[in-house]
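Side chains included, hydrogens not; waters and symmetry mates left out as well; all remaining heavy atoms used.
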Amino acid sequence: KDLIERTYGQTINLSPTRMDNFQKCRFSYFLENTLKVKPLEKAAVNYRELGSFVHFISYKVLSDMGQDFYSADEKTLKTKVEKTAKEYFESYFQNAGLGQQNRYLLKVMTDNSLLFLVRVQTEINAGKFKVDDLEVKIEKGGDIQPFSVYYKDREIFVRGVVDRID
């Protein structure tokens, strides 16, 4: 118990994903989150980064457009997505420039992000829900206060970010 308290402190804060990872394999959780041991990655497209790209585009377009998102035509969405994607790639690659392979990747990811947003727009417009908020923080002092659960006499606070609230 003393070692746990010295390692993690008096209060433990976990996201739902980390709680799930702990439950699946405690040793793996310990390696990744306590010792900060990371698995070696192959030199290939990092799909986490691709997911971050789509998430960034979605968040930026939805937050910048606000209520106009629901009635925007595809041409307007395409212009906004392309502009946002270019900004993302320029900041990501900084002065390295966009080689042929990266320009192709930018085009494919931008096209897919546009398709995704058109689908989101269609589904939202077909239903009664509207986006109420984006990137809502669940943490002490955040938009929503964390809740806690107890595990073996330890209080664990559940925190994180809600991508979208309808």
Side-chain angles (χ1 to χ4, degrees), residues 12-25 28-70 72 74-125 129-147 156-166:
I12 299 173
N13 289 288
L14 295 176
S15 68
T17 302
R18 285 193 177 187
M19 288 178 69
D20 190 43
N21 291 342
F22 177 79
Q23 190 63 29
K24 285 179 186 172
C25 180
S28 176
Y29 176 88
F30 174 74
L31 290 175
E32 283 187 36
N33 297 287
T34 303
L35 298 180
K36 306 294 184 199
V37 174
K38 302 291 180 196
L40 295 176
E41 294 185 25
K42 295 179 181 178
V45 174
N46 183 331
Y47 292 101
R48 261 180 286 151
E49 290 172 4
L50 294 177
S52 293
F53 171 83
V54 173
H55 185 268
F56 175 83
I57 297 295
S58 301
Y59 170 72
K60 188 97 169 96
V61 169
L62 284 166
S63 61
D64 287 356
M65 293 186 77
Q67 296 296 316
D68 293 337
F69 172 76
Y70 305 115
E74 192 169 335
K75 184 178 178 185
T76 302
L77 286 176
K78 182 177 183 180
T79 301
K80 183 68 179 163
V81 167
E82 286 174 346
K83 180 178 180 255
T84 307
K86 188 172 189 276
E87 289 171 10
Y88 180 90
F89 265 77
E90 285 174 354
S91 77
Y92 185 78
F93 287 102
Q94 294 174 349
N95 295 326
L98 292 174
Q100 185 175 356
Q101 183 178 9
N102 289 330
R103 278 195 304 275
Y104 175 75
L105 185 59
L106 170 62
K107 181 183 177 350
V108 170
M109 290 172 55
T110 302
D111 291 348
N112 286 332
S113 295
L114 175 62
L115 290 172
F116 172 73
L117 283 170
V118 167
R119 177 65 184 230
V120 167
Q121 182 191 53
T122 301
E123 288 184 12
I124 288 174
N125 286 336
F129 295 105
K130 297 291 181 213
V131 176
D132 188 51
D133 209 345
L134 299 167
E135 300 294 313
V136 176
K137 290 182 174 59
I138 302 171
E139 61 189 13
K140 288 184 181 177
D143 303 310
I144 299 173
Q145 294 302 305
F147 67 92
I156 300 171
F157 288 92
V158 179
R159 58 158 180 82
V161 177
V162 178
D163 293 334
R164 185 181 100 194
I165 297 179
D166 295 337

>> So, using side-chain contact (heavy atoms from CB on, under 4.5 Å) as the criterion, who are the partners of Asn112 when residues are at least two apart?
In response: Val108, Leu115

>> According to side-chain contact (heavy atoms from CB on, under 4.5 Å), who are the partners of Glu32, at least two apart in sequence or on a separate chain?
In response: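 With sequence neighbours excluded, Glu32 shows a side-chain contact (heavy atoms from CB on, under 4.5 Å) to Ser28, given in chain and number order.
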
Roughly how far apart are [X] [atom1] and [Y] [atom2], rounded to 0.5 Å?
X: Arg159; Y: Ile144; atom1: CZ; atom2: CD1; result: 14.5 Å
X: Leu14; Y: Asn33; atom1: CG; atom2: CG; result: 8.0 Å
X: Leu35; Y: Tyr29; atom1: CG; atom2: OH; result: 11.5 Å

Please tell me if the side chains of [X] and [Y] come closer than 4.5 Å, counting only heavy atoms from C-beta onward.
X: Glu135; Y: His55; result: yes
X: Ile138; Y: Gln145; result: no
X: Met19; Y: Val158; result: yes
X: Glu82; Y: Lys86; result: no
X: Glu74; Y: Val118; result: yes

What's the shortest heavy-atom distance between [X] and [Y], and which atoms?
X: Val81; Y: Leu114; result: CG1-N, 4.2 Å
X: Met65; Y: Ala72; result: CE-CB, 3.5 Å
X: Phe69; Y: Leu117; result: CZ-O, 3.5 Å
X: Val161; Y: Lys137; result: CG2-CG, 4.4 Å
X: Thr84; Y: Lys80; result: OG1-O, 2.8 Å
X: Asn125; Y: Tyr70; result: ND2-O, 2.8 Å

> Does atom NZ of Lys75 have more than 12 heavy-atom neighbours, drawn from other residues, nucleotides or ligands, at distances under 6.0 Å?
Replying inline: no

>> Could you check whether Lys83 pairs with Glu87 (Lys NZ or Arg NE/NH1/NH2 to Asp/Glu carboxylate O, under 4.0 Å)?
In response: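 Counted as a salt bridge, because a side-chain N and a carboxylate O are separated by less than 4.0 Å.
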
>> Could you walk me through whether Phe30 and Phe22 satisfy the ring-ring contact (aromatic ring centres under 6.0 Å, His included) test, starting with their C-alpha distance in whole Å, then the side-chain angles of each, then the deciding distance to 0.1 Å, before giving a yes or no?
In response: CA-CA 8 Å; Phe30 174 74; Phe22 177 79; over 10 Å; no

> Going by the angle between their ring planes, with limits at 30° and 60°, are Phe56 and Tyr88 parallel, tilted or perpendicular?
Replying inline: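 Tilted, since the angle between the ring planes falls between 30° and 60°.
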
